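Single-structure report; data block below.
The structure displayed is predicted, hence computed values, not measured ones.
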Amino acid sequence: MTEERPQRGPRPDRPKKRDVNGWIILDKGVGMTSTHAVAVVKRSLSAKKAGHAGTLDPLASGILPIALGEATKTVPFVMDGRKSYVFTVAWGAETNTDDTEGEVVERTDKVPDPTSIEALLPRFTGSIQQVPPRFSAIKIQGERAYDLARDGEVVELQPRTVEIDRLTLVHHEGDRSVIEADCGKGTYVRAIARDLGRALGCLGHIAALRRTRVGPFTEEDAVVVDDLATDPAALRPVEMALSEIPSVAVSRDMAARLMRGQSIILRGREAPISGKIYATCNGVLVAVGDVERGELVPHRVFNLGA
């Protein structure tokens with residue numbers, strides 16, 4: 001005699017994926033990975049396609065721009081933008097990850113005073129050479145540096161040029177300092193804390209990190225995960241990522257040519273003759289490209305119903 005298996009009811013239908021185009025400027029919480037954040041936003045909005053513009057470590061909080069649908073074509077413009085951070089440096093110890101998640105590799109009893117810190121900051125602004133942290137996503141012969149470091153391999157990363165526009169000491173108490181930074185693409189804040197500690201002779205690592213700006217996106221644009229389903233204004237337009245380049249309005253015929261990947265001639269006294277721009281038709285984003293001698297050559301075209 002065989003035992004009858006209980007009848008299972010029909011599985012609930014999964015929400016149907018839909019075309020969602022625009023940006024979610026997520027205020028990511030501490031402990032969440034950037035990949036998980038993208039998955040949460042994508043699932044919350046039932047979006048077909050999503051990606052982020054610049055990884056934010058699990059330890060860090062703050063601005064994580066997430067592109068949906070056609071907005072993914074504008075991700076490079078956001079990633080190339082300037083970024084702002086506020087971070088706390090814990091003095092007296094250096095870790096192998098340059099933050100509190102790593103193991104302490106060296107300690108000291110020395111703690112810097114605010115005057116010494118402020119006097120040193122100009123040395124780390126402008127165009128400087130910076131060695132990325134060993135635990136970083138940089139590839140070495142096809143392998144991520146953090147994977148090699150976790151396997152116990154000695155990781156030697158080469159210094160590279162980064163741009164740091166501003167470093168400001170905003171608070172100092174005991175063995176902690178809070179610093180604000182404005183910087184360019186490829187800058188590691190963890191490396192700033194490490195190098196400041198070494199230069200001051202007291203060692204240091206990141207104890208807290210928050211990103212407050214990425215390109216055109218600021219904290220004023222941000223929403224938290226819990227507000228995604230209830231805030232219709234959370235979805236920002238695709239062209240918001242292009243706010244730092246000029247725009248030009250084109251006719252329907254010109255828009256049709258651009259949509260086919262064909263170039264157009266821009267006419268009129270105010271028409272740009274060179275540089276990167278984006279084109280709109282009746283207020284809808286059509287293409288982004290380069291103007292060469294008055295001719296707009298599209299590099300990205302958008303299917304937004306223009």
Side-chain angles (χ1 to χ4, degrees), residues 28-31 34 54-63 82-138 144-146 148-150 152 154-214:
K28 187 189 81 66
V30 173
S34 297
T55 300
L56 200 57
D57 291 340
L59 172 70
S61 66
I63 302 300
R82 314 306 282 182
K83 300 174 179 64
S84 297
Y85 299 88
V86 56
F87 60 98
T88 300
V89 182
W91 307 109
E94 185 170 308
T95 70
N96 60 351
T97 60
D98 300 321
D99 60 25
T100 55
E101 293 189 326
E103 298 178 0
V104 174
V105 294
E106 190 175 353
R107 292 185 184 275
T108 177
D109 294 330
K110 185 177 179 181
V111 176
D113 59 78
T115 302
S116 299
I117 298 170
E118 290 182 322
L120 183 65
L121 295 181
R123 188 195 304 179
F124 290 90
T125 57
S127 180
I128 68 168
Q129 292 291 299
Q130 183 185 76
V131 177
R134 288 175 292 174
F135 283 78
S136 64
I138 294 174
R144 298 288 185 186
Y146 54 67
L148 298 173
R150 286 174 186 145
V154 177
V155 177
E156 295 291 344
L157 295 171
Q158 296 301 312
R160 56 185 185 174
T161 302
V162 298
E163 297 286 340
I164 301 178
D165 303 319
R166 179 179 68 92
L167 286 174
T168 303
L169 178 66
V170 295
H171 182 71
H172 176 83
E173 185 175 354
D175 64 349
R176 301 288 173 104
S177 296
V178 179
I179 298 173
E180 291 180 345
D182 297 331
C183 53
K185 180 180 179 181
T187 304
Y188 280 91
V189 178
R190 285 181 289 144
I192 296 176
R194 177 201 67 204
D195 294 343
L196 285 174
R198 290 177 179 177
L200 288 163
C202 62
L203 307 179
H205 63 274
I206 291 287
L209 173 64
R210 179 170 178 80
R211 189 160 66 187
T212 58
R213 178 172 70 103
V214 180

side-chain contact (heavy atoms from CB on, under 4.5 Å) evaluation trace for Leu196 with Ile179: CA-CA 11 Å; Leu196 285 174; Ile179 298 173; 3.9 Å; yes
Asp182 vs Lys83, side-chain contact (heavy atoms from CB on, under 4.5 Å): CA-CA, chis, key distance, verdict: CA-CA 6 Å; Asp182 297 331; Lys83 300 174 179 64; over 6 Å; no
Val111/Cys202 under side-chain contact (heavy atoms from CB on, under 4.5 Å): CA gap, chis, key distance, verdict: CA-CA 6 Å; Val111 176; Cys202 62; 5.9 Å; no
Verdict with reasoning, Val86 to Val178, per side-chain contact (heavy atoms from CB on, under 4.5 Å): CA-CA 7 Å; Val86 56; Val178 179; 3.6 Å; yes
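The minimum heavy-atom distance between Pro132 and Arg160, with the atom names listed, is CG-NE, 3.8 Å. Heavy atoms only, all atoms of each residue included: Arg176 and Ala90 are closest at NE-CB, 3.5 Å. In plain terms, the two heavy atoms of Ala181 and Leu167 that are nearest each other are CB-CD2, 3.5 Å. Scanning all heavy atoms of the two residues, the minimum distance from Pro58 to Lys28 falls at O-NZ, 3.6 Å. A pairwise comparison of heavy atoms in Arg211 and Thr55 identifies NH1-O, 3.6 Å as the closest pair. Closest heavy-atom contact between Ser177 and Leu169: CB-CD1, 3.8 Å.
When side chains are defined from C-beta on, Ile117 counts as touching Leu200, because their heavy atoms get closer than 4.5 Å. Annotation: side chain of Ile192 is in contact with side chain of Gln130 (closest heavy-atom distance under 4.5 Å). For the pair Asp99/Leu209, no side-chain contact is recorded, criterion being any heavy-atom separation below 4.5 Å from C-beta on. Using a 4.5 Å heavy-atom cutoff, the side chains of Tyr85 and Thr187 are not in contact. Put simply, the side chain of Thr108 does not reach to within 4.5 Å of the side chain of Trp91, judged on heavy atoms.
A salt bridge is defined here as a Lys NZ or Arg NE, NH1 or NH2 lying under 4.0 Å from an Asp or Glu carboxylate O, and Glu163 with Arg82 fails to meet this definition. Between Arg190 and Asp98, none of the side-chain N atoms (NZ, or NE/NH1/NH2) sits under 4.0 Å from a carboxylate O, so this pair counts as no salt bridge.
Using modelled atom types, one finds a donor on one side chain and an acceptor on the other under 3.5 Å when comparing Gln129 with Thr161.
Put simply, CG on Asp175 and CG on Asp109 are 11.0 Å apart, with the number rounded to the nearest 0.5 Å. With values rounded to the nearest 0.5 angstrom, Thr125 atom OG1 is found 10.0 Å from Leu120 atom CG. Atom OG1 of Thr88 is separated from atom CD of Glu173 by 11.5 Å, given to the nearest 0.5 angstrom.
Of the possible polar contacts, none joining the His205 side chain to the Val104 backbone as a donor-acceptor pair under 3.5 Å is found. Checking side-chain atoms of Asp57 against main-chain N and O of Ala60 turns up no donor-acceptor pair under 3.5 Å. Side-chain N or O atoms of Arg194 include one that pairs as donor or acceptor with a backbone N or O of Val131 at under 3.5 Å. Put simply, the side chain of Thr97 gets close to the backbone of Gly102: a donor and an acceptor are under 3.5 Å apart.
The only member of Arg166, Arg210, Arg213 that meets salt bridge (Lys or Arg N to Asp or Glu O under 4.0 Å) when paired with Glu180 is Arg166.
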